[in-house]
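Read the numbers this way: they start at 1 and go in the same order the structure lists the ligands and their atoms. Predicted, not measured: the structure shown is a model, and the values here were computed from it. Values reported hereafter were calculated over all heavy atoms of this structure, with side chains retained and with hydrogens, waters and symmetry mates removed.
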Amino acid sequence: MNKLTDLLKSSRHTVVFTGAGMSTESGLPDFRSPSRGLWARFNPDELANIDALETNQDEFLEFYRYRLNDIKDISPHEGHYILAEWEKEGLIDGIVTQNVDGFHHDAGSENVMEIHGTFRSLYCHDCGKEQDHEAYREGAVHCSCGGPIRPGIVLFGETLPQDTFLKAEEITMQADLFIVLGSSLSVTPANMFPMLAEQNGANLVIVNREPTPFDSHATCVIQDTGIRDVLMETNQILKS
Ligand SMILES: [Zn+2]
């Protein structure tokens, strides 16, 4: 933690990259976990697909209603709040996230690039009109125009939000410190960002329970401590 603190203090541009591990520490269930029985009812891989919205619409709508209800009662943890505080204090420039739960916004972070979109917005797939969360969760899954309502996340088969993506690339290239929190960095485009940061001379810090393909490139790798604890301890050292 001391090393991370020193790096943070000496860096002029720090970018944080968060993945699923950040959210699971809030208690957000992994929707792929077989123990939850979701697999018995749904096939998430099939349903997180643009085709499902067209060919398997009833199940698609039911699946996302279920997931939104999952997220509703869960909130950001201390780690999310510390990142928001660090942004206000100028310690970090922004957050690039794979997560769609909106917890960084909820915690007060402002410069957040959600490269896979967000569950915070719901809109009609046909006419684009924004829709109400509560009504959706209660079962109003169609727009007044008759179109299906969908979450503002990126489905397989759809392109990533280009503006957000470009912004994420830009901020990453400026970083002299790039901190990965809870991502296995095993898939594209997630793995693109640490690569980009490194090519531009940034130090890499990786906090993840499992090894990642970038560990050998990192200045500092933390596997044995959770993200929340890493951030809390680092914050404590910073403020002492
Ligand atoms: Zn509509």
Review point. Do the side chain of Gln131 and the main chain of Cys143 share a donor and acceptor less than 3.5 angstrom apart?
Key: no
**Study point:** Closest contact, heavy atoms only, Leu91 versus Thr14
**Key:** O-CB, 3.5 Å
Check your understanding: Considering residues at least two apart in sequence or located in another chain, which fulfil the side-chain hydrogen bond (donor to acceptor under 3.5 Å, both in side chains) criterion with Gln98?
Key -> Ser183
Review point. List-wise, which protein N, O or S atoms are found short of 2.8 Å from the Zn ion (ligand 1)?
Key: Cys124 SG, Cys127 SG, Cys143 SG, Cys145 SG
Study note, to complete from the structure: Note: Leu185 and Asn191 closest approach over all heavy atoms is O-CB, 3.3 Å
Exercise for review: Decide yes or no for Thr55 and Glu46: does some side-chain heavy atom of the first lie under 4.5 Å from some side-chain heavy atom of the second?
Suggested key: no
Review point. Are Tyr81 and Phe103 an aromatic pair by the rule of ring centers under 6.0 Å?
Key: no
